[in-house]
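Written below as structure tokens is the structure these notes are about.
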2 protein chains.
Amino acid sequence: MSTTRGARQLTIKEVASHAGVSPMTVSRTLAGGRNVRPDLQERVMAAVRELGYYRNENARSLRPGQPSGLVGVAITNLANPYYGNFALGVEEVAAEHGRRILLGNTGEDDARERQLVSDFIGRQVDGLILVPTSGDAAHLRPERLGDVPLVLASRRVPGLDVDTVLLDDVGGSYRGTISLLDAGHTRIGFLGNRSSVFTGERRYRGYEQAMTERGVPIDPTIVARDQQDVEAASRAARAMLDREDAPTAIFSANNRNTIGALREIGRRIRDGLPGPRPAIVSFDDFELSELMPVPVTVIDHDARLLGREAAILLFSRLDDDSLDPAARTVELPVTVEHP
Amino acid sequence: MSTTRGARQLTIKEVASHAGVSPMTVSRTLAGGRNVRPDLQERVMAAVRELGYYRNENARSLRPGQPSGLVGVAITNLANPYYGNFALGVEEVAAEHGRRILLGNTGEDDARERQLVSDFIGRQVDGLILVPTSGDAAHLRPERLGDVPLVLASRRVPGLDVDTVLLDDVGGSYRGTISLLDAGHTRIGFLGNRSSVFTGERRYRGYEQAMTERGVPIDPTIVARDQQDVEAASRAARAMLDREDAPTAIFSANNRNTIGALREIGRRIRDGLPGPRPAIVSFDDFELSELMPVPVTVIDHDARLLGREAAILLFSRLDDDSLDPAARTVELPVTVEHP
DNA sequence: CTGTTAGCGCATTCAG
DNA sequence: CTGAATGCGCTAACAG
């Protein structure tokens with residue numbers, strides 16, 4: 001019979017008396033059974049099964065030095081498939097290490113990020129993995145975090161020198177832009193995030209490097225760097241393509257801008273509007289890119305791998321005390337895939 | 001100075017002595033400050049800030065009756081944007097209720113689901129939200145879960161009568177199929193999950209109802225119900241479209257099958273293969289559906305809302321003891337969007 | 001190999 | 001309004 005709400009959970013004592021042993025024998029058995037007679041272990045396990053006992057992990061981690069087995073993960077936007085994959089990668093590695101993840105969504109909100117980090121620490125997480133919102137670093141300083149290791153993913157925080165996993169944003173953008181230049185394009189538009197966003201800045205830099213290297217001037221009238229969502233990206237693409245001297249190719253620095261640009265291009269084709277049908281290079285993959293009405297080159301990468309690497313960095317710190325305390329950076333490669 | 005790993009966390013005692021009060025005054029202040037002199041509260045808060053103290057939530061929830069503030073969430077595949085949105089919906093509502101989520105990915109694996117549920121209970125979660133993998137229900141029975149409320153999402157578990165949030169799978173599939181019949185199609189293929197998958201069964205039923213109602217016989221040679229991924233879906237579509245009597249329209253029961261079918265259709269168009277260019281009805285939305293080379297009708301729904309509703313069901317149980325204990329089902333509407 | 005004692009951090013209870 | 005004592009579930013450390 002199920003009792004009313006708030007019924008006390010079973011404790012190790014109940015199991016002990018049911019099995020006719022002391023609580024310590026139960027504890028030892030559950031901890032692996034070292035130094036416990038096999039027949040007693042049997043009895044304990046039987047009692048555990050019959051009663052449906054679950055060990056209270058919170059009580060367990062109360063004693064000092066005991067890890068909680070929890071990792072706090074804060075990402076900016078779970079609705080973005082990119083971060084879903086990222087979270088999956090983290091979860092997989094955490095599971096392999098017997099850890100569980102506490103997940104929070106910051107929505108690019110600094111205050112929310114601070115709240116989450118505080119709460120995670122209050123819950124005694126063994127470590128933190130964070131896709132930081134660009135803001136400041138005060139709440140992430142070691143003296144605030146105590147001895148809880150932190151790994152940053154996707155972005156850095158200015159003035160914070162900790163383990164970080166990044167993509168090769170600059171290199172990927174450079175190579176993608178070069179591929180357009182190689183194809184003979186010289187009017188290449190840019191769609192991306194504002195420069196205060198870490199990846200926004202890096203991806204623009206790759207574009208800039210390629211253009212400069214080939215001696216092609218950057219025309220600021222076909223550079224739009226302030227679109228966070230599909231709607232804004234569509235509008236920016238529209239403004240560019242409505243110009244007399246519209247670009248013949250567009251470099252899009254992320255998935256949201258790519259989708260927006262393609263929506264606008266599709267609209268122009270359906271409506272029979274004149275003007276170029278620009279080739280696209282897209283940082284971030286998306287499904288069915290091969291079915292698009294204009295050729296789309298994709299700068300592809302693996303968000304799940306990024307998550308896995310972040311978790312690996314974290315657990316290397318947790319499991320190896322003798323590790324060099326210097327911050328490490330892992331920069332994952334990206335691939336340029338032609339249509 | 002940061003101390004070595006395993007340094008004891010700050011406790012309420014340190015804060016108390018720093019502020020020159022007793023631990024209880026700190027505790028009361030942190031609990032809202034009822035019955036504490038304002039000036040003492042000031043001193044306590046100052047000490048908390050200076051020392052960077054975080055209350056130990058685990059110790060706090062150790063006392064009986066105290067909620068942990070944690071909700072266990074297990075979903076089948078975080079890499080699927082659908083479940084990313086679902087998780088986001090849950091997280092949002094949980095945050096509104098001051099709760100945090102423990103997230104696990106089951107990968108459609110029964111054993112993993114059982115592990116996750118055990119661990120969640122061991123961590124004293126206040127409730128569980130689960131997208132169940134079809135398997136059996138033994139580990140989800142009330143007697144195993146103690147008094148931890150459970151909400152199922154997207155799917156039911158046979159023989160388990162608990163709060164559940166579903167989509168209107170049958171109705172959506174029915175209306176989608178009807179729209180094809182109304183357009184004059186009579187050879188309508190079906191791509192979907194096997195019938196042991198809850199939604200696979202329901203979505204097929206909607207298709208079947210519409211066909212039967214209109215007196216159009218279902219041809220089993222153009223019904224493929226065993227594709228779990230894009231690759232398999234592509235192959236199934238290919239087999240159908242290679243037939244003499246290929247379908248002129250395809251009902252696809254989920255996103256993975258839709259992408260697979262469209263890949264195959266795109267290939268046939270690029271390669272100039274003969275045969276029909278089938279119209280598609282897709283259960284599940286996807287981006288840029290309007291740019292596809294064949295008309296795509298989308299049966300759209302909101303995964304985030306599904307997550308929100310699941311969380312709302314859960315918190316209504318947690319926050320309202322007088323709630324009718326009978327299991328509730330919420331079935332969310334879907335919309336049929338023509339191209 | 002097994003049991004007893006003690007204490008982790010906090011908040012409820014009861015005294016002042 | 002404040003403080004001291006007590007115990008939540010569990011396990012190291014120490015007996016036996």
Side-chain angles (χ1 to χ4, degrees), chain A residues 6-45 47-48 51-70 118-119 121-126 146, chain B residues 6-44 47-48 51-70 119 121-126 146:
Chain A
R8 251 183 46 267
Q9 291 261 347
L10 282 175
T11 76
I12 207 170
K13 277 189 192 161
E14 272 113 327
V15 177
S17 65
H18 194 86
V21 296
S22 80
M24 265 319 291
T25 299
V26 177
S27 174
R28 284 195 257 256
T29 300
L30 262 28
R34 281 181 53 77
N35 293 347
V36 182
R37 249 166 43 213
D39 59 313
L40 286 188
Q41 292 194 42
E42 288 291 337
R43 267 164 49 200
V44 168
M45 293 315 287
V48 165
L51 268 40
Y53 167 77
Y54 299 96
R55 187 163 56 174
N56 183 330
E57 294 296 330
N58 290 350
R60 214 160 112 75
S61 70
L62 196 55
R63 42 192 43 260
Q66 286 293 325
S68 66
L70 292 175
S118 306
D119 187 87
I121 293 180
R123 293 185 187 281
Q124 314 302 115
V125 294
D126 299 333
Chain B
R8 251 182 46 267
Q9 291 261 346
L10 282 177
T11 76
I12 206 171
K13 277 189 192 161
E14 273 114 327
V15 177
S17 65
H18 194 87
V21 296
S22 81
M24 266 320 294
T25 298
V26 178
S27 175
R28 283 195 256 257
T29 301
L30 261 28
R34 280 181 52 78
N35 294 346
V36 181
R37 250 167 40 213
D39 58 315
L40 286 189
Q41 292 195 43
E42 288 290 338
R43 264 162 52 197
V44 168
V48 165
L51 267 41
Y53 167 77
Y54 298 96
R55 189 162 57 174
N56 184 330
E57 294 297 328
N58 290 350
R60 215 159 113 75
S61 71
L62 196 55
R63 17 195 62 258
Q66 285 293 327
S68 66
L70 292 176
D119 188 88
I121 293 180
R123 293 185 187 279
Q124 314 302 113
V125 294
D126 300 333

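Values below: every heavy atom of this structure, side chains too, minus hydrogens, waters and symmetry copies. Note that the structure is predicted; figures quoted are calculated from it, not measured. In what follows, chains are A, B, ... by sequence order, proteins preceding strands, each numbered from 1.
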Nucleotide C:dG9, atom C1' - distance to CG of B:N58 in whole Å: 10 Å
Between CD1 on residue B:I121 and CD on residue A:E57, distance to nearest 0.5 Å: 12.0 Å
Start at the 5' end of DNA chain D and walk down; is the nucleotide closest to B:A59 or to B:P38 reached first? B:P38
Nucleotide D:dA12, atom P - distance to CZ of A:R34 in whole Å: 12 Å
Verify the contact: side-chain N or O of A:Q124 to OP1 or OP2 of C:dG9, cut-off strictly under 4.0 Å; return yes or no. no
Can you find a heavy atom in the side chain of A:V26 that is under 4.5 Å from one in the side chain of A:V21? yes
Are A:Y54 and D:dG9 close enough that a side-chain N or O sits under 4.0 Å from OP1 or OP2? no
Please report, rounded to the nearest Å, how far the P atom of C:dG9 is from the CZ atom of A:R60. 17 Å
Any side-chain N or O of B:R55 less than 4.0 Å from the OP1 or OP2 oxygen of C:dA11? yes
Go through the steps for A:Y53 and A:L30 under the test side chain to side chain contact (heavy atoms under 4.5 Å, CB included), then give the verdict. CA-CA 11 Å; A:Y53 167 77; A:L30 262 28; 3.5 Å; yes
Taken to the nearest 0.5 Å, the spacing of A:L62 CG from B:N56 CG works out to 6.0 Å
Length of the CD1-C1' vector between B:I121 and D:dG9, whole Å: 17 Å
Looking at the base of C:dA11, is there any donor atom on it, or on the side chain of B:R63, that sits under 3.5 Å from an acceptor on the other one? yes
Rounded to the nearest 0.5 Å, how far does CZ of B:R60 lie from CG of A:N58? 12.5 Å
Distance check needed: C:dC8 P versus B:I12 CD1, whole Å only. 14 Å
Here the distance between atom P of D:dG9 and atom CG of A:L10, to the nearest Å, is 10 Å
Quick one: CZ on A:R123 to OG on A:S118, what's the gap to the nearest 0.5 Å? 12.0 Å
Give one of base, sugar-phosphate or nothing for B:N56, where a contact means two heavy atoms less than 4.0 Å apart. sugar-phosphate
Taking the side chain as every heavy atom from C-beta outward, state whether A:Q41 and A:V44 have any pair of such atoms under 4.5 Å apart. no
Taking atom P of D:dG9 as reference, at what distance in whole Å does atom CG of A:L62 sit? 12 Å
Sorted by number, the residues of residues 22-32 of chain B with heavy-atom contact under 4.0 Å to DNA chain C: B:M24, B:S27
Roughly how far, to the nearest 0.5 Å, is CZ of B:R28 from CG of B:N35? 7.5 Å
Quick one: bend of the helix from C:dC1-D:dG16 to C:dG16-D:dC1 from 5 pairs per end, to 10°? 40°
Separation of C:dT12 C1' from B:N35 CG (nearest whole Å): 14 Å
Given 3.5 Å as the limit, does a donor-acceptor pair link the side chain of B:Q66 with the main chain of B:R63, or not? no
